Amino acid sequence: DAPKKKRKKASKGVREIFEWAEMIIISFCAVVLIFTFVARPAVVVGDSMLNTLHENETLIISPLATDYKYKDIVVFQIPQNIGGVHGDAIVKRVIATEGQWVNMDLSTWQVYVSDTKEGLATAEPLSEPYVNYLNGTLLASVDFPLQVPEGCLFVMGDNRSSSWDSRAFGCIKEEYVM
């Protein structure tokens, strides 16, 4: 009778271990699925989005949001062809989407966006109260006006004098947006 009680205790202990293991595995799988398909954290590095976002702030990003529009803040991986550390993530603001035309007055820092190249002549400058401007002239490696290619975004940081963005590396493919 005593060995039978010991076996019941042992089997109860083993069952409890399996229940705990099952709960841990299910929890782990749920977290992986959520971070992969629903939302995941991203940490802001650098000051290119000041005063909107600050160094070390944590963002929750979602791969479900794919209908990008002007003023959206996006996190994207640096592709190999634009320099930097390939695979690192950076945060920028969407200025224009595929098909739109972008022009900049590099002396006044004004940005113009239109659906047609001809429309740039009468376009109003974008209203960007969130942008930090410092005295000086903006530098750009791309030629303006430019048309955003299909499947791409033109992005810029809010801290315009200290932002490595589409002015330097051109438009980014939407496939790199996280």
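All values below were derived from every heavy atom in this structure, side-chain atoms included, with hydrogens, water molecules and symmetry-related copies excluded. Being a predicted model, the structure only gives us computed values, none of them experimental.
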Can you find a heavy atom in the side chain of [X] that is under 4.5 Å from one in the side chain of [Y]?
X	Y	result
Phe154	Val113	no
Phe76	Met178	no
Trp101	Glu118	no
Glu55	Val44	no
Arg167	Ser141	no
Trp109	Ser161	yes
Ser163	Asp47	no
Val102	Val148	yes

So, for [X] and [Y], which heavy atoms are closest and what is the spacing to 0.1 Å?
X	Y	answer
Asn103	Phe144	OD1-CB, 3.3 Å
Ala42	Ile61	CB-CD1, 4.2 Å
Ser48	Lys92	OG-NZ, 2.7 Å
Arg160	Gly157	NE-O, 2.7 Å
Glu174	Cys152	OE2-O, 4.0 Å

Glu98 side chain to Gly151 backbone, donor-acceptor under 3.5 Å: yes

Donor-acceptor contact present, side-chain Ser114 to main-chain Lys117, <3.5 Å: no

Crowding at CD, Glu150 (>12 non-hydrogen neighbours, <6.0 Å): no

From Asn159 atom CG to Asn51 atom CG, the distance as rounded to the nearest 0.5 Å: 7.5 Å

Separation of Met49 CE from Ile90 CD1 (nearest 0.5 Å): 10.5 Å

Worked verdict on Val155 versus Ile95 for side chain to side chain contact (heavy atoms under 4.5 Å, CB included): CA-CA 5 Å; Val155 295; Ile95 300 300; 5.9 Å; no

Criterion side chain to side chain contact (heavy atoms under 4.5 Å, CB included) on Gln110 and Glu124, from CA distance to verdict: CA-CA 9 Å; Gln110 295 296 307; Glu124 293 290 320; over 6 Å; no

Working for salt bridge (Lys or Arg N to Asp or Glu O under 4.0 Å), residues Asp158 and Arg93: CA-CA 7 Å; Asp158 290 354; Arg93 186 178 300 274; 2.7 Å; yes

Any donor-acceptor N or O pair under 3.5 Å, side chains Lys69, Thr97: no

Intermediate values then yes/no, side chain to side chain contact (heavy atoms under 4.5 Å, CB included), Val177 and Val75: CA-CA 6 Å; Val177 177; Val75 178; over 6 Å; no

Trace of the salt bridge (Lys or Arg N to Asp or Glu O under 4.0 Å) decision for Lys71 with Glu128: CA-CA 9 Å; Lys71 291 188 180 181; Glu128 301 180 296; over 6 Å; no

